[in-house]
Structures are given as structure tokens and as C-alpha cells.
Asks: 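Just dropping this structure here.
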2 protein chains.
Amino acid sequence: MTDEEKTYKTKKVITIGIVSELTGLSERQIRYYEERKLIFPERSDRGTRKYSFVDVETLMDIANQMEDGVRTFEIRQEMKKKPDEDKLKRSMIKGQLNAQFGIQKGLK
Amino acid sequence: MTDEEKTYKTKKVITIGIVSELTGLSERQIRYYEERKLIFPERSDRGTRKYSFVDVETLMDIANQMEDGVRTFEIRQEMKKKPDEDKLKRSMIKGQLNAQFGIQKGLK
DNA sequence: CGTGTAAGGAATTCTGACACG
DNA sequence: CGTGTAAGGAATTCTGACACG
């Protein structure tokens, strides 16, 4: 991946309304995940949040985990350990994910 | 370039205020270039314009040509002829660009 | 804990128009 | 021709809080 392509992925230019459309999450949820330290948008001059495509992908990953009953602090801990396996995780189906990482509460 | 990377470049997710910051152009200028058929943003549900990174690059290219005195209809015609040499043109310094394409009015 | 909602304010975006030239 | 600006309205975003549970 070239520097230019990397910039497209990581440059924070998307407003919360569009992130909401892209992820299907409510603005409330998106702001809450920030409060829980799962995502870190930048701020424009006058305070509006700006997200990158990577943030959008992280949010979709979070959404999947929330559906599985994972709690925010557990998601945060997983992100610390494996800061860049998001792509890997996203490509796996839920069952496989659950089995491999076992990050869900008391599953088997 | 993978499909995923292509999506980052072409997906229309940036609002006009941020495009303005990114390009240094006023919102007035950006809307005017649309009126002159140089860029084609999409619209969100309720009508706000949304741009891609490619649009941002096109705008920076347009800005350079405007500085050189090229007029909007001339830029539009160049874009028709060479729909994808933007990258090439952007990488050339102005003098070279002028000499090679000669699209400026009566230079020399 | 995670998320919906009403609340009020501030900032954003939109369109059509007048202005200069 | 290209761009600034004032105008009024509509939509966006922000924060802190109450609610449910």
C-alpha cells in the first residue's frame, strides 16, 4: 500500500452523520464508543468530529462484537492486544471468531 | 490498487466544509465548479453535497489551472480529452504543464 | 451498561440574488 | 467570468441530562 493510499484510509474527513449512514450505528452509539475509548475522531476547528475510513471499519467491527454481547471494556482490551488484526477478524464469520478468540462472556 | 483501496478514493463521503479546508478553495468556488460541470458530488438524503478524495484532487488540479488563467470551459474540455491524466498533470510543475499542453490563453 | 430522547445553542449547508467587472 | 457577500431557512452537530434497566 502506497503512502497515498494509506492517507485515504487514515485521513479524518468524515462527519458523524455520514459515519452513521455508513455503519448503520446511531450518532449516540458512535459518540458513546468514543467515550469508552474505542475510537478517536479528530475535531474540526469548531469542534465537530471527523472520522477516517479506518474508524468506520473499526466501528463496524465493534458493531459486530456488540451484537455478540461483547462489552465495551472487553472490546477495548482486545484492541490493545491486537491493534491490527481488525482486518483479519472482520473477514472471519462470527462462529469462527467466537471459537478462536473466546472473547465473549462465558461461551463454552 | 485493490477494490477496497479504490473505494476509499472514490466513495463520496466528505462534506463541502472539509473539502474547503483540504483544498483551500472557498465553498463558493467549489459550488461554482460544479455549476460549470467540472465536478460531480453526490447528495445526501437531505441534499448536502458529498465529495470523494478523487474529487478533492480534481479540485486541487482545477485550482492550479485557474491560477494559470485557464478558464472553466477550457478545463472541462481538457478533462473530456484526458479523463485520467490528472495524476500525471499534477506531478508536473506549472511551466512544464504550460509548455506541454499549451492550454493557457496566448502564453508566449 | 448501552442507548434513546428532548433541549437549546452554535455551526453548517443550501439556494437565488446582487455586486464587481 | 469567477467569486464575494448578505439573507433566510433547513439540517447538523454538540453537550449534559433524564430514562430504562
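Letters A, B, ... are given to chains in the order of the sequence lines, protein chains preceding strands, and every chain is numbered from 1. Fair warning: this is a prediction, and the values are worked out from it, not measured in the lab. Computed from heavy atoms alone, side chains included, the values below leave out hydrogens, waters and symmetry copies.
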Asks: Within this structure, what is the CG-to-P distance between A:L25 and C:dG2, rounded to whole angstrom?
Replies: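 Taking CG of A:L25 and P of C:dG2, I get 14 Å after rounding.
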Asks: Nearest-Å distance, CG (B:L38) to P (D:dT3)?
Replies: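 Atom-to-atom, B:L38 to D:dT3, this comes out as 10 Å.
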Asks: So, taking the atom named CE in A:M79 and the one named NZ in A:K37, what distance separates them when rounded to the nearest 0.5 Å?
Replies: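 Here the rounded value is 13.0 Å.
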Asks: Between residues 14-22 of chain B and DNA chain C, which residues have a heavy-atom gap below 4.0 Å?
Replies: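 Nucleic-acid contacts, sorted: B:T15, B:I16, B:G17.
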Asks: Output all residues satisfying side chain to side chain contact (heavy atoms under 4.5 Å, CB included) with B:R46, sequence neighbours left out; order by chain, then residue number.
Replies: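 Counting only residues at least two positions away or on another chain, B:R46 forms a side chain to side chain contact (heavy atoms under 4.5 Å, CB included) with B:S44.
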Asks: Taking any heavy-atom pair under 4.0 Å as a contact, classify A:Y33: base, sugar-phosphate, or nothing.
Replies: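 Sugar-phosphate, no base atom in range.
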Asks: Starting at CD of B:E34 and ending at C1' of C:dC14, how long is that distance when rounded to a whole Å?
Replies: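 My rounded result for the distance is 11 Å.
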Asks: Measuring from A:T72:OG1 to A:Q77:CD, what's the distance to the nearest 0.5 Å?
Replies: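 The CD atom of A:Q77 is 10.0 Å from OG1 of A:T72, to the nearest 0.5 Å.
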Asks: Kindly say whether B:F40 contributes a backbone atom to a donor-acceptor pair with the side chain of B:K12 at under 3.5 angstrom?
Replies: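 Yes; at least one donor-acceptor contact below 3.5 Å.
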Asks: Pull out every residue in residues 40-51 of chain B that has a heavy atom closer than 4.0 Å to any atom of DNA chain C, ordered by number, or say none.
Replies: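 Within residues 40-51 of chain B, the residues near DNA chain C are B:R43, B:G47, B:T48, B:R49.
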Asks: For A:Y32 and D:dC20, what is the distance between atoms OH and C1' respectively, to the nearest whole Å?
Replies: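 Value for this atom pair: 14 Å.
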Asks: Would you mind reading off the distance between A:E35 atom CD and D:dC14 atom P, rounded to a whole angstrom?
Replies: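 That distance rounds to 14 Å.
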Asks: Could you tell me which non-hydrogen atom of A:M60 sits nearest to which non-hydrogen atom of A:T23, and how far apart they are?
Replies: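 Shortest heavy-atom separation between A:M60 and A:T23 comes out as CG-CG2, 4.0 Å.
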Asks: Once rounded to the nearest 0.5 Å, what's the spacing between atom CZ of A:F53 and atom NZ of A:K11?
Replies: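 Answer rounded to 0.5 Å: 13.0 Å.
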Asks: If you measure from CZ on A:R76 to CZ on A:R36, what distance do you get to the nearest 0.5 Å?
Replies: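 With rounding to 0.5 Å, CZ (A:R76) is 5.0 Å from CZ (A:R36).
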Asks: Quick one: does A:D55's side chain have a donor or acceptor within less than 3.5 Å of a partner on A:S52's backbone?
Replies: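 Yes, because the side chain of A:D55 sits within donor-acceptor range (under 3.5 Å) of the backbone of A:S52.
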Asks: According to a hydrophobic-cluster definition based on side-chain heavy atoms being under 4.5 Å apart (Ile, Leu, Val, Met, Phe, Trp, Tyr only), do A:Y8 and B:V54 belong together?
Replies: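 Not linked; separate clusters.
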Asks: Where the side chain of A:E78 meets the backbone of A:I75, is there a donor-acceptor pair that is under 3.5 Å apart?
Replies: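 No; zero donor-acceptor contacts below 3.5 Å.
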Asks: Can you tell me how far the CG atom of B:D61 sits from the CD1 atom of B:I39, to the nearest 0.5 Å?
Replies: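 So the CG of B:D61 and the CD1 of B:I39 are separated by 12.0 Å.
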Asks: Between D:dT3, D:dT15, C:dG2, which nucleotide has the shortest distance from any of its atoms to the side chain of A:R31?
Replies: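 Given the options D:dT3, D:dT15, C:dG2, the side chain of A:R31 is closest to D:dT15.
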Asks: Sort me out a list of protein N/O and nucleotides 4-8 of chain C N/O pairs below 3.5 Å, or just none if empty.
Replies:
from	atom 1	to	atom 2	distance (Å)
C:dG4	OP2	A:S26	OG	2.7
C:dG4	N7	A:R28	NE	3.2
C:dG4	O6	A:R28	NH2	3.1
C:dT5	O4	A:R28	NE	3.3

Asks: Could you list the donor-acceptor pairs under 3.5 angstrom formed between side-chain atoms of residues 15-22 of chain A and any protein atom two or more places apart in sequence or on another chain?
Replies:
from	atom 1	to	atom 2	distance (Å)
A:S20	OG	A:L25	O	2.6

Asks: Rounded to the nearest 0.5 Å, what separation is found between the CD1 atom of B:I62 and the CD atom of B:E67?
Replies: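 Nearest 0.5 Å value for the CD1-CD distance: 13.0 Å.
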Asks: When the distance from CD1 of B:I62 to C1' of D:dG2 is rounded to whole Å, what number comes out?
Replies: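 In whole Å, D:dG2 C1' lies 13 Å from B:I62 CD1.
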Asks: Please work out the stems of DNA chain D from pairs that are Watson-Crick or G-U wobble with both distances under 3.5 Å, keeping only runs of three or more consecutive pairs.
Replies: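 Looking at DNA chain D, the stems formed by three or more consecutive pairs are C:2-5 with D:17-20, C:17-20 with D:2-5.
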